[in-house]
Amino acid sequence: MNNIAANLDVLREHIKTAARKAGRDTDTVRLVAVSKFHGGEAVEAALQAGQRLFGENRVQEAKGKFPPLRAAHPDIELHLIGPLQTNKAEEAVKIFDVIETLDRPELAAALSKAMRKTERTLPCYIEINIGDEAQKAGLKPEQLADFLRLCRDEHGLIITGLMCIPPQNENPQPYFARMKRLADTHHLPHLSMGMSADFEIAIEEGATEVRVGTAIFGERTKP
Ligand SMILES: *Cc1c(COP(=O)(O)O)cnc(C)c1O
């Protein structure tokens, strides 16, 4: 667990360096600590090291892990970064603070309904399938304008950002750059991109949130 604090220190330094290199203020880049597949003790170690922003990719897993931690640390901010089924929208709205993976009209409707029912208003990011990969979730960039209109005008959702996972085993830089242009075009202030292997490139291209798991918590073994 000691490692987690040390890993966070190293990571924060790398984030600072990457931001400086890009001529950006370090405060404009937030670290989302991705704790999926790691237990509450690992999250607790990160909390002790000052981390407050976390990402989880499954509703069920987050539901088991975070409510007790939140009781002790009310300032935790939890982002959903994995795919969300419409029948889990209500649970997700109760547990998370930001939904980063809004990717289709049915989910926009389900989230809107869940927010009205729970009287919670969560900002959402729209997931973009920036590499146009068949197996991946996310909207095509050219669908974004219409989808934004639908989310906001029909469903009253608050959309504040974009997120993506670029194609594996390719240079992510052009994908990140394209994401930055999309976010700027649509005046979306948040841009969630970059993971353990490529967060420095993402920061250079304008990421405001980098989602890092392995570099903080170590390798994951499936639960
Ligand atoms: C697991 C995951 C991450 C973190 O990946 P690492 O390579 O462990 O840093 C980031 N984003 C999403 C969407 C993930 O599912």
Side-chain angles (χ1 to χ4, degrees), residues 27-34 36 52-63 65-67 69-70 73-130 132 136-165 176 178-194 202 206-211:
D27 296 344
T28 63
V29 185
R30 297 179 78 205
L31 170 62
V32 181
V34 178
K36 67 180 183 211
R52 289 296 180 272
L53 174 55
F54 295 89
E56 283 281 342
N57 70 346
R58 295 177 191 193
V59 175
Q60 266 343 90
E61 189 183 338
K63 196 183 167 186
K65 208 184 298 180
F66 273 87
L69 294 165
R70 266 198 207 272
H73 305 277
D75 55 344
I76 284 177
E77 180 178 331
L78 186 59
H79 289 204
L80 177 65
I81 61 167
L84 179 58
Q85 294 170 283
T86 51
N87 63 1
K88 300 243 175 77
E90 191 176 324
E91 257 181 318
V93 164
K94 286 179 183 161
I95 296 166
F96 290 92
D97 301 296
V98 174
I99 307 292
E100 292 202 11
T101 48
L102 173 52
D103 63 350
R104 58 198 193 280
E106 307 76 52
L107 185 57
L111 283 170
S112 168
K113 191 174 157 201
M115 288 187 206
R116 266 179 280 127
K117 191 167 166 200
T118 57
E119 297 184 353
R120 276 174 59 81
T121 307
L122 277 59
C124 299
Y125 303 171
I126 292 172
E127 182 170 358
I128 302 291
N129 186 354
I130 197 64
D132 200 9
K136 245 183 212 157
L139 258 75
K140 292 177 191 291
E142 56 274 23
Q143 296 173 316
L144 179 58
D146 282 345
F147 189 63
L148 269 171
R149 216 170 294 130
L150 174 86
C151 289
R152 288 169 166 162
D153 299 350
E154 303 241 334
H155 299 301
L157 293 174
I158 299 179
I159 311 296
T160 59
L162 300 178
M163 84 79 97
C164 78
I165 308 172
F176 290 154
R178 189 154 180 227
M179 287 293 293
K180 171 66 174 158
R181 287 196 297 274
L182 263 183
D184 286 349
T185 301
H186 296 281
H187 310 289
L188 295 164
H190 291 274
L191 190 49
S192 171
M193 58 188 194
T208 62
E209 272 117 312
V210 291
R211 308 178 309 262

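A search for side chain to side chain contact (heavy atoms under 4.5 Å, CB included) contacts involving Lys180 returns Asp184, Leu191, not counting sequence neighbours. Lys88 meets the side chain to side chain contact (heavy atoms under 4.5 Å, CB included) test with Val59, Gln60, Leu84, Gln85, Glu91; sequence neighbours excluded.
Note on Glu77 versus Arg70: no salt bridge recorded, every NZ/NE/NH1/NH2 to OD/OE distance being 4.0 Å or above.
Between the Arg120 side chain and the Val93 main chain, a donor and an acceptor come within less than 3.5 Å of each other. Judged purely by atom type and a 3.5 angstrom limit, Thr101 uses its side chain to pair as donor or acceptor with the backbone of Gly82. In terms of modelled atom types and a separation under 3.5 Å, the side chain of Lys136 and the main chain of Ile165 share a donor-acceptor contact.
In this structure, the ring of Phe96 has its center no less than 6.0 angstrom from the ring center of Phe66.
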Check against side-chain contact (heavy atoms from CB on, under 4.5 Å), Cys124 and Leu111: CA-CA 9 Å; Cys124 299; Leu111 283 170; 4.3 Å; yes
Residues Val210, Met193; criterion side-chain contact (heavy atoms from CB on, under 4.5 Å); working and verdict: CA-CA 5 Å; Val210 291; Met193 58 188 194; over 6 Å; no
Criterion side-chain contact (heavy atoms from CB on, under 4.5 Å) on Leu139 and Glu127, from CA distance to verdict: CA-CA 6 Å; Leu139 258 75; Glu127 182 170 358; over 6 Å; no
Working for side-chain contact (heavy atoms from CB on, under 4.5 Å), residues Leu78 and Glu56: CA-CA 7 Å; Leu78 186 59; Glu56 283 281 342; 4.0 Å; yes
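In this structure, CZ in Phe54 is found 9.0 Å from CG in Leu31, a value given to the nearest 0.5 Å. The OG1 atom of Thr160 sits 9.0 Å away from the CD atom of Glu100 when rounded to the nearest 0.5 Å. The line from CG of Asp153 to CG of Leu157 is 10.5 Å long, rounded to the nearest 0.5 Å. Interatomic distance, Lys113 NZ to Thr86 OG1, rounded to the nearest 0.5 Å: 9.5 Å.
Counting only heavy atoms from C-beta outward, the side chains of Ile76 and Leu69 approach each other to under 4.5 Å. With a 4.5 Å cut-off on side-chain heavy atoms, Arg58 and Lys36 do not count as touching. Contact check for Ile126 versus Met163: no side-chain heavy atoms found under the 4.5 Å cut-off. The shortest side-chain heavy-atom distance between Ile159 and Leu188 falls under the 4.5 Å cut-off. Pro189 has its side chain out of reach of Thr208: every pair of non-hydrogen atoms, C-beta onward, lies at least 4.5 Å apart.
Residue Cys151 comes nearest to Ala108 through the heavy atom pair SG-CB, 3.9 Å, listed as atom of the first residue, atom of the second, then distance. Nearest heavy atom pair, residue Phe147 against residue Asp103, reads CZ-C, 4.2 Å. Of all heavy-atom pairs spanning Met179 and Leu162, the tightest one is CE-CB, 3.8 Å. Smallest separation of non-hydrogen atoms from Thr121 and Met115: CA-SD, 4.2 Å. Minimum interatomic distance between Ala207 and Val29 (heavy atoms only, all atoms of both residues): O-CG2, 3.9 Å. Heavy-atom minimum distance, Ala92 versus Leu122: O-CD2, 4.5 Å.
Checked by atom type, the side-chain pair Arg211/Ser192 shows a donor-acceptor distance below 3.5 Å. Under the 3.5 Å distance criterion, with hydrogens and angles disregarded, no donor-acceptor pair is assigned to the side chains of Arg181 and Thr185.
Counting non-hydrogen atoms of other residues, nucleotides and ligands closer than 6.0 Å to CD of Glu119 gives a total of 12 or fewer.
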